[in-house]
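We use all heavy atoms of the structure for the numbers below, so side chains are in, but hydrogens, waters and symmetry mates are not. Residues take their numbers from the sequence shown, with the count starting at 1. Whatever order the structure lists them in is the order used to number ligands and atoms, beginning at 1.
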Amino acid sequence: MGKLSVTMLRYLTKEDFRILTAIEMGMKNHELVPGSLAASIANLRHGGVHKLLKELCKHKLLSYERGKHYDGFRLTNAGYDYLALKTLAAKNIVAGFGNQIGVGKESNIYIVNNEEGELLCLKLHRLGRTCFRNLREKRDYHKHRRQMSWLYLSRISATKEFAYMKALRDRDFPVPKPIDFNRHCVVMELVQGHPLCQVHDVKDVEALYDELMNLIVRLGNYGVIHGDFNEFNIMLTDEDKPVIIDFPQMVSTSHLNAEMYFNRDVNCIRDFFRRRFGYESESFPTFNDIMREDAVDVEVSASGFTREMEKHLFVEMGIEEEVETEDELTEERSHLANDDIEMLRQEVERMVCAEYECKDLKKQIHFQNDEFVKYDQDNV
Ligand code: ADP
Ligand code: MG
């Protein structure tokens with residue numbers, strides 16, 4: 001996985017951002033986006049665009065590939081990272097970039113700071129490159145959409161994580177304070193502490209065990225199951241207070257397999273306490289202990305954006321039938337209707353304006369904190 005070259009961010013111009021956004025838009029219905037399409041979506045002169053595209057490829061934010069039917073550009077991981085980071089910088093959420101503190105199986109975690117110098121945690125979601133491969137290969141004609149789906153999966157994952165974190169934080173659960181998200185990137189409070197997997201001594205093992213089990217039940221009462229409640233996703237502060245992290249896989253207690261997920265979370269904690277602290281307790285919660293008092297699950301899914309996204313994703317994965325046939329897709333690839341270009345252009349206009357252009361350009365990422373840049377280099 002390529003390391004994020006943060007210094008590059010400084011040199012990205014408004015036009016670069018516009019082109020990257022145009023490619024992102026084009027990828028909604030093209031595996032590879034032809035340069036001419038990028039130019040018309042970005043609404044920039046064709047001649048100038050060519051040079052910019054070349055530069056972006058040189059810096060590996062885009063790649064140029066030869067397809068079966070035509071050649072074109074696609075966003076790389078780094079390109080997608082830059083779109084998200086630049087946007088968060090323009091919104092004054094993130095001002096400086098620090099070192100990487102974690103590599104999960106489906107994320108990269110960095111320390112960042114804001115303009116006040118406050119340290120925050122930035123999580124880049126990275127999904128869709130391996131987990132859905134098998135499913136997708138069964139449906140050969142979906143292969144050409146693979147590129148699109150990693151953008152999509154990562155974005156859904158981040159969106160979902162933010163939505164759950166916010167709903168839980170609003171209800172006083174011990175979770176990091178969610179700050180903002182964009183695309184596949186979530187910014188949250190940096191928890192001062194260590195993941196439980198690194199902790200070998202706690203003052204009161206029994207109290208911690210009870211607190212964690214109570215959290216599982218309380219989540220249940222609010223309609224949700226964490227789904228990955230283990231020593232890697234529980235942080236412990238210096239005062240031995242647990243903070244729960246990592247939410248993209250949360251499920252509703254109305255889920256078909258809710259009881260199984262619930263028991264699995266409970267057993268993760270029991271196993272860990274037995275292994276790590278030699279602690280075993282007769283008392284542990286069961287699914288029947290749940291008493292509904294709130295509906296975080298409904299709140300999150302009713303907020304619409306994830307449901308719509310999920311539906312789209314199921315089509316992507318071939319779980320639901322899609323309307324288009326292969327013939328229609330081929331046709332779509334060979335010529336894009338003017339309406340589509342106009343629609344995409346308007347969308348770029350909207351995104352770019354809302355997130356970037358209207359902001360004071362001086363507010364682009366600036367690295368007033370030298371330590372951050374140094375940190376980053378040390379980490380190579
Ligand atoms: P993944 O989905 O890849 O497992 P996690 O959200 O669990 O990602 O984060 C991976 C690791 O990064 C965690 O185990 C923890 O060490 C660190 N981490 C994640 N979020 C925070 C945070 N808000 N504050 C401090 N450390 C964090
Ligand atoms: Mg995790």
Check your understanding: What's in the same ILVMFWY side-chain cluster as V191, cut-off under 4.5 Å, chained through other members?
Key ->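 M235, V243, I245, listed by chain and number.
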
**Study point:** Under-2.8 Å neighbours of the Mg ion (ligand 2), protein N/O/S atoms only
**Key:**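 Excluding waters, the total comes to 2.
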
Check your understanding: Regarding R274 and S281, is there a side-chain donor-to-acceptor distance under 3.5 Å anywhere?
Key ->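 No donor-acceptor contact under 3.5 Å links the two side chains.
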
Exercise for review: Determine whether the side chains of D180 and N182 contain a donor N or O and an acceptor N or O closer than 3.5 Å.
Suggested key: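 Per modelled atom types, D180 and N182 side chains form no pair under 3.5 Å.
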
Check your understanding: Is it true that D271 and R276 make a salt bridge, defined as a side-chain N closer than 4.0 Å to a carboxylate O?
Key ->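 Looking at R276 together with D271, the answer is no, because their closest N to O distance does not fall below 4.0 Å.
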
Review point. Would you call E15 and R18 a salt bridge, using N to O less than 4.0 angstrom?
Key: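 Judged by the 4.0 Å cut-off on N to carboxylate O distance, E15 and R18 do not form a salt bridge.
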
Practice item. Please name the residue in the list K60, K86, R126 that meets the salt bridge (Lys or Arg N to Asp or Glu O under 4.0 Å) test with D81. Key: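 Looking at K60, K86, R126, the match for D81 under the salt bridge (Lys or Arg N to Asp or Glu O under 4.0 Å) is R126.
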
**Study point:** Ring centers of F247, Y164 separated by less than 6.0 Å
**Key:**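 No - the distance between ring centres of F247 and Y164 does not fall below the 6.0 Å cut-off.
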
Check your understanding: Can you list every pair that meets ring-ring contact (aromatic ring centres under 6.0 Å, His included) and has a residue in residues 186-208, with sequence neighbours left out?
Key ->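 For residues 186-208: none.
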
Check your understanding: List by chain and number: which residues place a heavy atom under 4.0 Å from ligand 1?
Key ->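 Within the 4.0 Å shell of ligand 1, which is judged on heavy atoms, sit I101, G104, K105, E106, S107, I109, C121, K123, P176, M188, E189, L190, V191, P195, F232, N233, M235, I245, D246.
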
Point to revise | Atom of S157, atom of H125 and distance for their closest heavy-atom approach | key: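 Nearest heavy atoms, S157 then H125: OG-ND1, 2.7 Å.
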
